[in-house]
Enquirer: 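Provided herewith is a single structure, encoded as structure tokens, for subsequent inquiry.
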Amino acid sequence: MKSLKIIGFIILIVAIVGGIYIYPKASMYFYGKKTASITKETTFYVPSRTSLKEVLLNLQGAGIIDSESEFREYAAFRNLKEETLEGGKYIFPKNVTYSKIVEDLRQGNGEKEAQVTFNNARTKKELAEKIALTVELSAEDILTLVTDEKFTSKYGFTPTTINTMFIPNTYNVYWDITAEDLISKLAKEYKRFWTPTRKAKAKALNMSQTEVSTLASIVVCETIKMDEAPKIAGVYVNRLKRGIPLDADPTLKWVLGDFEIKRILNKDKELDSPYNTYKNRGLPPGPIYIPSVQYIDAVLNYEKHDYIFFCAKEDFSGYSNFAKTNRQHEINARKYHKALNERKIYR
């Protein structure tokens with residue numbers, strides 16, 4: 001009987017010890033089956049060289065996990081350490097399990113490549129913000145470089161003209177690319193864009209590549225009608241050849257910093273700025289927009305004609321009335337101003 005009691009006692013001790021050992025494992029197992037709180041697919045970025053605590057706090061802040069401290073305990077159980085943490089762009093589906101989150105972070109299943117797309121950008125700030133949407137670097141990282149005289153001079157530009165180096169497109173890059181490497185890549189794409197054929201057309205216009213893009217930046221602000229862009233470009237080419245000021249309203253909007261106004265007033269034409277093409281002959285110092293390939297080509301392939309004036313049509317179709325004489329232009333302008341007045345558009 002005594003031996004049976006001893007055996008029973010040993011069995012009890014083993015059961016208790018085993019339970020103590022097994023229970024945490026079972027608890028962690030069921031915790032890993034827990035699903036994230038997100039109700040839709042969620043993109044989560046893990047910056048390079050970030051701490052595990054920061055990542056877990058960000059997961060909590062994004063509403064993906066409930067408790068940073070509880071999840072950290074589970075992460076340790078699953079052997080997710082700072083040295084095993086992989087930076088990148090992670091896409092978590094709704095109802096993703098905690099186990100899958102840890103597995104992805106530990107195995108580095110985040111996307112290492114990203115697509116940088118920018119179009120419809122007017123300023124360096126807008127450009128930088130669009131780029132920073134899909135890569136690790138910040139808009140400030142880019143702005144610091146493109147506003148630096150010494151840095152931009154490496155590529156043959158100034159902070160005023162550097163925007164002409166950026167050709168709107170979609171570029172495949174590494175997510176953790178540096179600002180320097182990104183701009184270097186864009187510079188190579190710029191060189192590829194300017195083929196011998198395009199360079200020859202710019203030379204025939206007696207314009208540099210930067211000047212072509214600067215003129216294209218005005219044309220894109222004048223019309224959204226791509227089929228009319230070469231014709232408008234032709235007007236500006238004619239004025240440049242004859243030494244007539246461009247009188248381009250978009251350059252005054254640039255000076256005013258208001259790109260939504262519909263009506264340029266006479267007082268605006270007196271603004272003191274090198275970008276005021278009513279007071280200064282020739283092109284402005286730099287682009288007022290980052291033109292697309294189509295608009296650059298519209299300048300290179302401008303329509304040859306004798307028009308030196310154009311004005312928006314009074315039907316607000318987006319198209320323009322063209323004129324060879326100031327008299328005809330004034331007739332067209334009065335029609336448009338009358339239509340503006342009828343719609344009570346005074347600015």
Enquirer: Give the cluster check for Ile244 versus Val235: same hydrophobic cluster or not, with ILVMFWY residues linked at side-chain heavy-atom distances below 4.5 Å.
Expert: no
Enquirer: We want to know whether Thr251 and Thr277 form a side-chain donor-acceptor pair, criterion being a heavy-atom distance below 3.5 angstrom.
Expert: yes
Enquirer: Among side-chain atoms of Asn341 and Arg263, is any donor-acceptor pair under 3.5 angstrom?
Expert: yes
Enquirer: Can you find a side-chain donor-acceptor pair between Ser67 and Ser69 that sits under 3.5 Å?
Expert: yes
Enquirer: Can you see whether Ser320 engages Glu228 through a side-chain donor-acceptor pair at a distance of less than 3.5 angstrom?
Expert: yes
Enquirer: Regarding Lys324 and the six-membered ring of Tyr307, is the cationic atom NZ or CZ under 6.0 Å from the ring centre and inside 45° of its axis?
Expert: yes
Enquirer: Examine Lys231 relative to Phe322 and say whether NZ or CZ is less than 6.0 Å from the centre of the six-membered ring and inside a 45° cone about the ring axis.
Expert: yes
Enquirer: Where do Glu126 and Asn120 come nearest, in terms of heavy atoms and distance?
Expert: OE1-O, 3.9 Å
Enquirer: Go through the steps for Asp306 and Asn238 under the test side chain to side chain contact (heavy atoms under 4.5 Å, CB included), then give the verdict.
Expert: CA-CA 7 Å; Asp306 295 324; Asn238 288 343; 5.5 Å; no
Enquirer: In terms of ring plane angle, is the pair Tyr336 and Phe316 parallel, tilted or perpendicular, where the classes change at 30° and 60°?
Expert: tilted
Enquirer: Will you find, in the side chains of Ser292 and Gln294, an N or O donor that is under 3.5 Å from an N or O acceptor?
Expert: yes
Enquirer: Please find the pair of heavy atoms, one from Ala132 and one from Ser138, that lie closest to each other, and give the distance.
Expert: CB-C, 3.9 Å
Enquirer: Can you see whether Asn280 engages Tyr275 through a side-chain donor-acceptor pair at a distance of less than 3.5 angstrom?
Expert: no
Enquirer: Side chains of Tyr174 and Glu136 only: does a donor on one sit below 3.5 Å from an acceptor on the other?
Expert: no
Enquirer: Side chains of Asn326 and Glu330: is there a donor and an acceptor less than 3.5 Å apart?
Expert: yes
